[in-house]
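Encoded as structure tokens, the structure appears first; notes follow it.
Both counts, for ligands and for their atoms, begin at 1 and track the order of listing.
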Amino acid sequence: MSDNIFEGLDEYLPVDDTIFKDKKPLDHRFLPENLPHRKNQITAIARYWVEALKGTTPSNITIYGKTGTGKTAAAKFAKEQLIDASKDKPVFIRVEYVRCTDFNTEYQVLTHLCQRLGRDVPSRGWTKGEIVNAFRDILRRNAFGRNLILIVILDEVDILLEKDGDGLLYTLTRTDNIAILSISNYLNFKQFIKPRVASSLMDKEIVFPPYDAEQLADILEERSELAFFEDTLEDSVIPLCSAMAAKEEGDARYALDLLESAGDIAIDNGFDKVLGKFVREAKDVIEYNKVKDVVITLPTQQQRVLAAILKLTQEGEEITSGKLFESYKEISKGDAVTYRRIFDFVNELEMLGIISTNTVSKGRAKGRTNIISLQIDTDLLEENLYNLL
Ligand SMILES: Nc1ncnc2c1ncn2[C@@H]1O[C@H](COP(=O)(O)OP(=O)(O)OP(=O)(O)O)[C@@H](O)[C@H]1O
């Protein structure tokens, strides 16, 4: 009988960490017990929601702010506090968190909410009217023997509005005993909402401004105490992460990513201390991974357009629309889309910051031409698109 396949593999086990005490506090999903510099916003949510403790459905709230400004963390924090405060009250409060990017339609969100509230409804097959009725049925007063108040947190609501219109908001704002907390990255998200719904969401708005470097440093200090062993961070590490993230629109998520990634780089290099220079390297690693994620998740036809741009760049060609189409057709091997469609793709790639286009004049006879150029590293593209070339 041969040896067990797990024998002799100890060298593949992770070595004992001398830097990270616990990585969880650096994870985006970690909910800290304290959210520095968000007291005003959290108190504002509490002032609206306190009505629920008296058995009254609170007002709908909308919160805005750029990415990483603590909107989700603050909403979840307020949720925990409300549930805790309601324990000894004669009311029944449910707060449901819905990340709208996980759903495509109103139907899917309502099904999810019904199921969360204990009503077994089918994930497909019913008409929308049936699912709306089932949902409203649960919400009828005294459905649980006590007053039920449901607060629905709709995170990244703008994404669902873009995909499926404002039907969900319409249904929720027209169902008794429901309050909505919508979270959006865009101040102008209401452009997707018809006036019939906008009027019920209009009134209560809370803004989450970007953090400045000092505020980010306070956030990182608290998190790093939980995540790192004592004295493992060089003094410059937190100020550097904070300064870099403050430049990136005051994004706390980015600051935490920098810190974690700098710790990983220290370990990879055999250090037991995180040095300032690792933060600068971390910035490149994060940037690289971000671009890589964008490239590998592009639809195939767009990847082919990008592969064609890469090929022409490597050949030292000036990339005109005509040349791009020829090269793209070669790469597509008979499965090509039309010339026109290629330019939608070019626009999209430009919006993602992967390429840029520049209109140049080729003299009176030839008129004006669009010249395309790559804005990202060719090695990165080659590594991820080699199967198309
Ligand atoms: N004041 C704060 N104190 C501690 N951690 C914070 C604070 N603000 C944000 N964070 C942390 O930063 C990360 C990003 O925050 P969060 O997800 O709440 O941002 P967001 O505004 O919802 O971003 P997005 O719009 O991209 O979803 C999370 O790990 C969160 O815990």
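Heavy atoms of His37 come nearer than 4.0 angstrom to ligand 1 in no pair at all.
Ring pair Phe343/Tyr339: centre-to-centre distance below 6.0 Å. Side-chain rings of Tyr211 and His37 stay apart, their centers remaining 6.0 Å or farther from each other. Between Phe278 and Phe271, the distance from one ring center to the other falls under 6.0 angstrom. The ring of Phe208 has its center no closer than 6.0 angstrom to the ring center of Tyr64.
Around the CG atom of Asn387, the shell of radius 6.0 Å holds more than 12 heavy atoms that belong to other residues, nucleotides or ligands. Within a 6.0 Å radius of NZ in Lys163, more than 12 heavy atoms belonging to other residues, nucleotides or ligands are found.
Counting protein heavy atoms only, atom 23 (O) of ligand 1 is closest to Gly68 N, 2.9 Å. From the protein, the heavy atom lying nearest to atom 28 (C) of ligand 1 is His28 O, 3.8 Å. Nearest protein neighbour of atom 7 (C) of ligand 1, counting heavy atoms only, is Tyr211 OH, 3.4 Å. For atom 22 (O) of ligand 1, the closest heavy atom belonging to the protein is Thr72 OG1, 2.6 Å. Of the protein's heavy atoms, Thr67 OG1, 2.4 Å lies nearest to atom 26 (O) of ligand 1. Looking from atom 19 (O) of ligand 1 to the surrounding protein, the closest heavy atom is Gly70 N, 3.3 Å. For atom 1 (N) of ligand 1, the closest non-hydrogen atom of the protein is Pro36 O, 2.7 Å. At the top of the distance list for atom 21 (O) of ligand 1, counting protein heavy atoms only, stands Lys71 NZ, 2.7 Å.
Residue Ile219 touches ligand 1 through its side chain alone, judged by heavy-atom distances below 4.0 Å. Of all the heavy atoms of Leu31, none lies under 4.0 Å from any atom of ligand 1, so neither backbone nor side chain is involved. At a 4.0 Å heavy-atom cut-off, ligand 1 touches Arg38 through the side chain alone. The part of Arg223 lying near ligand 1 is the side chain, judged by heavy-atom distances below 4.0 Å.
Inclusion of Ala252 in the set of residues having an N or O under 3.5 Å from an N or O of ligand 1 is not warranted. Of the N or O atoms in Asn185, one or more lie within a sub-3.5 Å distance of an N or O in ligand 1. Residue-to-ligand polar distances place Arg253 within reach of ligand 1: an N/O pair is separated by less than 3.5 Å.
Not a single donor-acceptor pair under 3.5 Å links the side chain of Asn358 to the backbone N or O of Ile371. No donor-acceptor pair under 3.5 Å is formed between the side chain of Asn384 and the backbone N or O of Lys292.
Between the side chains of Gln301 and Tyr328, at least one donor N or O lies within less than 3.5 Å of an accepting N or O. Looking at Thr111 and Gln108, their side chains never bring a donor and an acceptor atom within 3.5 Å of each other.
Close contacts of ligand 1 with Ala73, meaning ligand atoms under 4.0 Å from a residue heavy atom, involve 18 (O). Within ligand 1, the atoms closer than 4.0 Å to a non-hydrogen atom of Phe30 are 31 (O), numbered from 1 in the order shown.
When hydrophobic side chains of Ile, Leu, Val, Met, Phe, Trp and Tyr are connected at separations under 4.5 Å, Leu35 ends up clustered with Ile42, Phe77.
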